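First up is the structure itself, then whatever we jot down about it.
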Amino acid sequence: MPELPEVETVRRSLERSVSGKTVSSVKVYHPKMIRGMEVAPFADALHQERIERVERRGKFLLFDFDRFYLVSHLRMEGKYFPYPQPVERDKHTHVVFRFTDGSELHYNDVRKFGTMELRDKETAMQTAPLAQLEREPFDPEFTAEVLAENLIRKKRSPIKTALLDQSIFLGLGNIYVDETLHAARVHPLTKAGALTLDDISRIHQAGVEVLRQAVEAGGSTIRSYVSPSGKGEFQLQLAVYGQKGEPCPRCGTAIEKIKVGGRGTHFCPTCQQVAL
DNA sequence: CAAAATGTTGCTGA
DNA sequence: ATCAGCAACATTTT
């Protein structure tokens, strides 16, 4: 479900609902989602650990415990539901954290694609899965020049595919890549190696701005995703994603939908000219 | 019933 | 050795 803006919205919600709480027990109902160790040591390690705060790296959530980071990825449909009192788990709830104050946090994921793993705090950033991510898009050091450098590694791929790679442009996913390319007026099938520095500058500027505005709006509420606070209004601003057949907000041409790298891809055939 | 869905990864063949 | 392309993961919805 989530790209960077949705994950950031979840992070802010978790920061309010669970930071400062101490784990009294962890129950895992879908062992496959716990990576790197067996379920028993996973649950044991978290016993009596306190969540200092909840952080984010790209689309990963990091629960900052006393001794570990719990690195959590929601993939397509993962969700966290906090409850003030113990509740019966839903059939798609795969992990239940109970806290010493009697409250609970349920991890729910219909498609079971999400993952959790514990990392030592000292080495968390130097090891998979956090190691090879690009710096945060809002970091001033993530410049158009950095993006241009990254894109050299993907010069034979369509720009749409390249931008989905988290080591190229961290935080973008299928929705916001389409929005970014529309704002930058670049056709999604354009080979990354065929882009001018000016194209790349527009993509960089548009991508950062799209993510910034989406975070501000609380993410997009589409399909399964529901923001924890009930907000998530960015879908109202989407220019192309999910807008097949609707008029382009800039020129009025009907938005088209094609398949690029296996992903549904929306664009305006007038604003975004083909340039393979 | 086939296709698609906000993501990543591991394999295959060039 | 890279790297581009695609199946796989599992379930629900259209």
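Remember, predicted model here, so these are calculated numbers, not experimental data. Reminder, nothing fancy here: chain letters follow the sequence lines and each chain counts from 1.
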Can you tell whether the side chains of Lys21(A) and Asp101(A) come within less than 4.0 Å, N to carboxylate O? yes

For nucleotides 8-14 of chain B, 5' to 3', base contacts (B), sugar-phosphate-only contacts (S) and non-contacts (-) with protein non-hydrogen atoms under 4.0 Å give BS-----

If the P atom of dT12(C) is compared with that of dT9(B), how far apart are they to the nearest Å? 25 Å

Using the 3.5 Å cut-off, write out each protein N or O paired with an N or O of nucleotides 1-7 of chain C and the distance between them.
| from | atom 1 | to | atom 2 | distance (Å) |
| --- | --- | --- | --- | --- |
| dA4(C) | O5' | Ser157(A) | OG | 3.3 |

Side chain to side chain donor-acceptor pair (under 3.5 Å) against Thr180(A), all qualifying residues, sequence neighbours excluded: none

Selection from dA5(B), dG7(B), dT11(C) that lies nearest to any side-chain heavy atom of Val110(A): dT11(C)

For the pair made of CD in Glu6(A) and P in dG7(B), what is the distance, rounded to whole Å? 9 Å

Hey, is the side chain of His92(A) poking within less than 4.0 Å of OP1 or OP2 on dT12(C), counting only N and O atoms? yes

What is the distance, rounded to the nearest whole Å, between atom CD of Glu77(A) and atom P of dA4(B)? 16 Å

Rounded to whole Å, how long is the line connecting atom CG of Asp90(A) with atom P of dT12(C)? 10 Å

Do NZ/NE/NH1/NH2 and the carboxylate oxygens of Asp64(A) and Lys121(A) come within less than 4.0 Å? yes

Could you pull out all residues at least two apart from Ala183(A) that satisfy side chain to side chain contact (heavy atoms under 4.5 Å, CB included)? Ala206(A)

Starting at OH of Tyr176(A) and ending at P of dA5(B), how long is that distance when rounded to a whole Å? 16 Å

With sequence neighbours left out, what residues match Asp139(A) under side chain to side chain donor-acceptor pair (under 3.5 Å)? none

In whole angstroms, the gap separating C1' of dA10(C) from CE of Met33(A) amounts to 13 Å

Should Phe113(A) be counted as stacked on dG7(B), where stacking needs a ring-centre gap under 5.5 Å and an angle between planes under 30 degrees? yes

If the P atom of dT8(B) is compared with that of dA1(C), how far apart are they to the nearest Å? 27 Å

P gap between dC6(C) and dA3(B), integer Å: 15 Å

Any chance you could pull the hydrophobic cluster mates of Val240(A), using side-chain heavy atoms under 4.5 angstrom and chaining through other members? Ile255(A)

Watson-Crick or G-U stems of DNA chain B, 3 or more pairs, under 3.5 Å, by first number: B:2-5 with C:11-14, B:7-14 with C:2-9

Take atom NZ of Lys32(A) and atom C1' of dC9(C), then tell me their distance rounded to the nearest Å. 6 Å

Taking only residues two or more places apart in sequence, or in another chain, which ones meet Asn174(A) in a side chain to side chain donor-acceptor pair (under 3.5 Å)? Lys160(A)

Qualifying residues under side chain to side chain donor-acceptor pair (under 3.5 Å), relative to Glu52(A), sequence neighbours excluded: Arg50(A)

Taking distance alone, no hydrogens or angles, what donor-acceptor pairs closer than 3.5 Å link side-chain atoms of residues 31-45 of chain A to residues at least two apart or in another chain?
| from | atom 1 | to | atom 2 | distance (Å) |
| --- | --- | --- | --- | --- |
| Arg35(A) | NE | Lys32(A) | O | 3.1 |

For Lys259(A) and dA4(B), is the shortest distance between a side-chain N/O and OP1 or OP2 below 4.0 Å? yes

If I take atom CZ in residue Arg35(A) and atom C1' in nucleotide dC9(C), what distance separates them, rounded to the nearest angstrom? 9 Å

Please state how far atom CG in Asn108(A) lies from atom P in dT11(C), giving the value in whole angstrom units. 13 Å

NZ or CZ of Arg212(A) within 45° of Phe138(A) ring axis and under 6.0 Å: no

Salt bridge (Lys or Arg N to Asp or Glu O under 4.0 Å) filter on Glu8(A), not counting sequence neighbours, yields Arg11(A), Arg12(A), Arg56(A)

Which side-chain N or O atoms in residues 143-150 of chain A pair as donor and acceptor under 3.5 Å with protein atoms at least two apart or in another chain?
| from | atom 1 | to | atom 2 | distance (Å) |
| --- | --- | --- | --- | --- |
| Thr143(A) | OG1 | Glu145(A) | N | 3.4 |
| Thr143(A) | OG1 | Glu145(A) | OE1 | 3.4 |
| Thr143(A) | OG1 | Val146(A) | N | 3.2 |
| Asn150(A) | ND2 | Glu134(A) | OE2 | 2.5 |
| Asn150(A) | ND2 | Ile168(A) | O | 3.1 |

